[in-house]
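Inspection log for the structure reproduced underneath, given as structure tokens.
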Amino acid sequence: MKNDHSRSEELYRRAVRLMPGGVNSPVRAFRAVGGTPRFIREAKGATITDADGRRYIDYVGSWGPMILGHADAEVTEAIKRALERGTSYGAPTELEVEMAAEIIEAVPSVEMVRMVNSGTEAVMAAIRLARGVTGRTKIVKFEGCYHGHVDSLLVRAGSGVATLGLPDSPGVPTSLAQNTLTVPFNDAEALDRVFAEHRDIAAVIVEPVVGNMGCVPPRPGFLARLRDVTRRNGALLIFDEVMTGFRLARGGAQELYGVTPDLTTLGKIIGGGLPVGAYGGSRDIMQYVAPAGPVYQAGTLAGNPIAMTAGLATLRRLRDPHVYQRLEEAGARLCAGLAEAARAADVPVTINRVGSMWTIFFNDGPVWDWTAAARSDRARFARFFHAMLDEGVYLPPSQFEAAFIGLAHTDEVLERTVTAARNAFAAMR
């Protein structure tokens, strides 16, 4: 089923002369799997079509936002109507009020919310707010959790109990990164020890279900332990729900697991596929944000009317609880089929899934943290990725990124994916 990809190759050769690595976000460059990235021309429902006209079943979904499917008719029609009224005003709109109300109604921790333009920006603002509210400096993050390219969170994840942050990228001052403490995900005892050793911790930030070392769920009780230790020590708990918000449940992971953080960051789905972010929390905490309070944060395009329109059209569809029932059923069906295909080919894998987020790890043991995820056979994953691509299935081009299911992934689409996986595993064997 291999196809000529001359147009993508031509575009990539041109792109590398014009943009760093030929892309505007690193994972798109296929560095982790090799080969030429596919340049996408259009998308509809559960599929994307590349510049050479090859169509793929898509499990990237723009890295999570396309929960309704690509080019959903209701969302695109709403965007068209909004475009006729202008693209940006730099002034308040009714749409922003409606979006705030929608988020506050759905997300347990949020009593007030501020819109921004990306998940990274939301995290940056939430960290600043936590420091402003507590008067403290240090932040705790977990190995394998990614919170955008915020300077203080781009730190190397060490293997010890607690490592002072070292810059993971040139351009990040060591003095800034050292205000970040890193501990293993799913290790609540390590977090207890960090608090015993450091009294200047403003906040703990976590992806409640990790999506950036592949899909890694919290162990039973882990999130509740985070809630307890932060509360006892006067620090804030921040859930980075940029991926999980409105995906795992309407109220996100905090609804699913019954743990309420102090601050929540959101993105992706709340923009319906357009650039967006938000952060929110209790009224007492959010009153610290300018102009109500002294913690400054601003954004020219925040609350953009086109993004608000797309997001509202999406979020209102997600009020229906049957949406999440369907996504759970689809996720279970797909992952069961993939696991059986791997067993039939005698290829050892571990499949992690929470709702409509999932990852195949080429690893023969459970994956609960970065140490286990990093033991995966990345070369074997790359072979599987390209075999699936040849079969017409587009997966995240990295072992360490979650895949996503949307409502457009019908039973027939899921079955085609499982058939493709049988062929891909057989080819690998």
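If you read the sequence from its start, that first residue is 1, and numbering goes on from there.
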Seminar exercise, completed: For Glu412, the salt bridge (charged side-chain N to carboxylate O under 4.0 Å, His left out) test, sequence neighbours excluded, returns Arg416
Exercise. Looking just at side-chain N and O atoms, do Ser8 and Asp50 make a donor-acceptor pair shorter than 3.5 Å?
Worked result: no
Exercise. Is it the case that Tyr394 and Thr47 place a side-chain donor and acceptor less than 3.5 Å from each other?
Worked result: no
Expected list for residues 124-131: side-chain donor-acceptor pairs under 3.5 angstrom, two or more places apart:
from	atom 1	to	atom 2	distance (Å)
Arg128	NH1	Tyr296	O	2.7
Arg131	NE	Thr137	O	2.6
Arg131	NH2	Thr137	O	2.9

Exercise. Applying side-chain hydrogen bond (donor to acceptor under 3.5 Å, both in side chains), which residue pairs with at least one partner in residues 20-33 are found, sequence neighbours left out?
Worked result: none
Exercise. Residues in side-chain contact (heavy atoms from CB on, under 4.5 Å) with Asp377, at least two apart?
Worked result: Phe362, Ala379, Arg380
Problem set entry | Check: Asp200/His198 side-chain N/O donor and acceptor closer than 3.5 Å | no
Exercise. What pairs meet the side-chain hydrogen bond (donor to acceptor under 3.5 Å, both in side chains) rule with one or both residues in residues 61-80, with sequence neighbours excluded?
Worked result: Asp58-His70, Asp72-Arg317, Glu74-Arg317, Glu77-Lys80
For this session: State yes or no: are the ring centers of Trp370 and Phe400 separated by less than 6.0 Å?
Result: yes
Listing, residues 34-46 side-chain donor-acceptor contacts under 3.5 Å, not counting sequence neighbours, or none:
from	atom 1	to	atom 2	distance (Å)
Arg38	NE	Tyr56	OH	3.2
Arg38	NH1	Thr36	O	2.6
Arg38	NH2	His5	NE2	3.3
Lys44	NZ	Ala71	O	3.0

Sequence neighbours left out, cut at 3.5 Å: what donor-acceptor pairs do the side chains of residues 214-226 make with other protein atoms?
from	atom 1	to	atom 2	distance (Å)
Arg225	NH2	Asp192	OD2	2.8

Exercise. How far does OG1 of Thr417 sit from CZ of Arg333, to the nearest 0.5 angstrom?
Worked result: 10.5 Å
Exercise. Which pairs, with at least one residue in residues 348-364 and sequence neighbours excluded, count as a salt bridge (Lys or Arg N to Asp or Glu O under 4.0 Å)?
Worked result: Glu328-Arg353
Exercise. Are the charged groups of Glu98 and Arg316 less than 4.0 angstrom apart, N to O?
Worked result: yes
Exercise. Can any side-chain N or O of Asn233 pair as donor or acceptor with the backbone N or O of Phe195 at less than 3.5 Å?
Worked result: no
Problem set entry | More than 12 heavy atoms from other groups under 6.0 Å of CD on Glu94 | no
Exercise. Can you name the side-chain contact (heavy atoms from CB on, under 4.5 Å) partners of Ala382, sequence neighbours left out?
Worked result: Val33
Problem set entry | From CA spacing to verdict: side chain to side chain contact (heavy atoms under 4.5 Å, CB included), Leu274, Val276 | CA-CA 6 Å; Leu274 275 68; Val276 75; 5.9 Å; no
Exercise. What pairs of residues pass the side-chain hydrogen bond (donor to acceptor under 3.5 Å, both in side chains) test when at least one of them lies in residues 102-111, not counting sequence neighbours?
Worked result: Glu102-Arg250, Glu102-Arg319, Ser109-Gln254, Ser109-Thr264
Exercise. Under the side-chain contact (heavy atoms from CB on, under 4.5 Å) test, which residues partner Asn363, sequence neighbours left out?
Worked result: Phe361, Val367, Arg375, Ser376
Problem set entry | Sidechain N-carboxylate O distance under 4.0 Å for Glu391, Arg55 | no
Problem set entry | Any side-chain donor near an acceptor of the partner, Glu207 and Tyr146, under 3.5 Å | no
Exercise. Can the ring centroids of Phe384 and Phe425 be said to lie less than 6.0 angstrom from one another?
Worked result: yes
Seminar exercise, completed: Residue set satisfying side-chain contact (heavy atoms from CB on, under 4.5 Å) with Asp346, at least two apart, ordered chain then number -> none
